[in-house]
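Notes follow the structure.
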Amino acid sequence: DTGVSQDPRHKITKRGQNVTFRCDPISEHNRLYWYRQTLGQGPEFLTYFQNEAQLEKSRLLSDRFSAERPKGSFSTLEIQRTEQGDSAMYLCASSLTGQPQHFGDGTRLSIL
Amino acid sequence: SQQGEEDPQALSIQEGENATMNCSYKTSINNLQWYRQNSGRGLVHLILIRSNEREKHSGRLRVTLDTSKKSSSLLITASRAADTASYFCAFQGGSEKLVFGKGMKLTVNP
């Protein structure tokens with residue numbers, strides 16, 4: 001069990017640029033989740049996958065956000081035309097069905 | 001918007017003392033979970049209590065759940081400096097997503 005891995009750990013970009021984050025879940029986990037956490041707040045749910053199927057999306061996930069899990073293993077989260085308000089920690093978690101979620105250390109996004 | 005709320009928002013205690021944190025929520029739930037987060041890191045799952053359970057123990061942790069009051073408490077006994085972290089309650093209702101509170105910052109002074 002190598003844990004949930006996220007890359008990069010930090011991303012600094014200019015407003016209007018596109019960014020993509022990657023999450024590698026624990027290998028046998030069929031569920032993968034994305035959350036966003038701003039300073040001083042708890043994580044907020046964005047979306048989750050069961051294998052390669054995206055089963056739920058939050059209304060927070062505007063049309064500038066897209067997530068994929070093409071082979072049911074790793075996942076990517078892309079933000080297009082970044083805005084100041086996108087600055088946050090993006091957390092990925094994975095789990096087996098019905099089991100607690102295991103979180104990665106997140107990708108911290110800073111928009112200049 | 002978050003639907004869980006921890007109380008107090010910050011707590012500072014001496015090593016060896018017990019720490020109690022409370023969580024309130026507004027909707028019906030399937031389970032309630034507690035997570036710990038060290039600064040700049042991801043969340044670590046501590047304990048899960050299902051809606052039909054009233055109390056659960058795990059090592060130095062004791063969690064209670066009162067669904068009639070829509071509240072839960074987490075007790076950490078014999079605290080250690082390494083327990084210094086932010087603690088979050090989170091619940092699952094009708095879906096797989098976790099709904100988190102704003103968190104509570106615990107400082108354990110050596």
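Lettering follows sequence order; numbering is per chain, from 1. Atom set for the values below is all heavy atoms of this structure, side chains included, hydrogens, waters and symmetry mates excluded.
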When you group the ILVMFWY residues by side-chain heavy-atom contacts below 4.5 Å and let the links chain together, are B/Leu11 and B/Leu46 in the same group?
yes
Tell me whether A/Tyr35 contacts the main-chain N or O of B/Leu98 through its side chain, where contact means a donor paired with an acceptor under 3.5 Å.
yes
If we ignore hydrogens and angles and just use 3.5 Å, is the side chain of A/Asp105 paired with the main-chain N or O of B/Gly42 as donor and acceptor?
yes
Same cluster (ILVMFWY, side-chain, under 4.5 Å), B/Met21 and B/Leu61:
yes
Would you please test B/His45 and A/His102 for side-chain contact (heavy atoms from CB on, under 4.5 Å) and show each step?
CA-CA 7 Å; B/His45 181 262; A/His102 297 256; over 6 Å; no
Using a cut-off of 6.0 Å, state whether more than 12 heavy atoms not belonging to A/Leu39 lie near its atom CG.
no
Would one find more than 12 heavy atoms of other residues, nucleotides or ligands at under 6.0 Å from atom CZ of A/Arg15?
no
Just checking B/Arg50: does its CZ atom have more than 12 heavy atoms from other residues, nucleotides or ligands closer to it than 6.0 angstrom?
no
Value rounded to 0.5 Å, distance of OG in B/Ser86 from CD in A/Gln41
11.5 Å
Report the option among A/Pro100, A/Ala93, A/Gly40 that has the most heavy-atom pairs separated by less than 4.5 Å from atoms of chain B.
A/Pro100
Counting only heavy atoms closer than 4.5 Å, note whether B/Glu6 contacts chain A via side chain, backbone, both or neither.
neither
Are there over 12 heavy-atom neighbours, none belonging to A/Glu78, within less than 6.0 Å of that residue's CD?
yes
Measuring only between side-chain heavy atoms, which start at C-beta, is B/Glu96 closer than 4.5 Å to A/Arg31?
yes
So which atom in A/Gly42 and which in B/Phe88 form the shortest heavy-atom distance, rounded to 0.1 Å?
CA-CE2, 3.4 Å
Under 3.5 Å side-chain donor-acceptor pair for B/Gln33 and A/Gln101:
no
Winner by heavy-atom pair count (cut-off under 4.5 Å) against chain B, out of A/Ser95, A/Gly104, A/Cys92
A/Gly104
How about B/Arg60: does its CZ atom have over 12 heavy atoms from other parts shown lying under 6.0 Å from it?
yes
Might you confirm whether atom CG of A/Leu55 has over 12 heavy atoms from other residues, nucleotides or ligands at distances under 6.0 Å?
yes
If one checks every heavy atom of B/Gln37 against chain A at 4.5 Å, the contacting part turns out to be side chain
Determine whether the aromatic ring centres of B/Phe100 and A/Phe45 lie less than 6.0 Å apart.
no
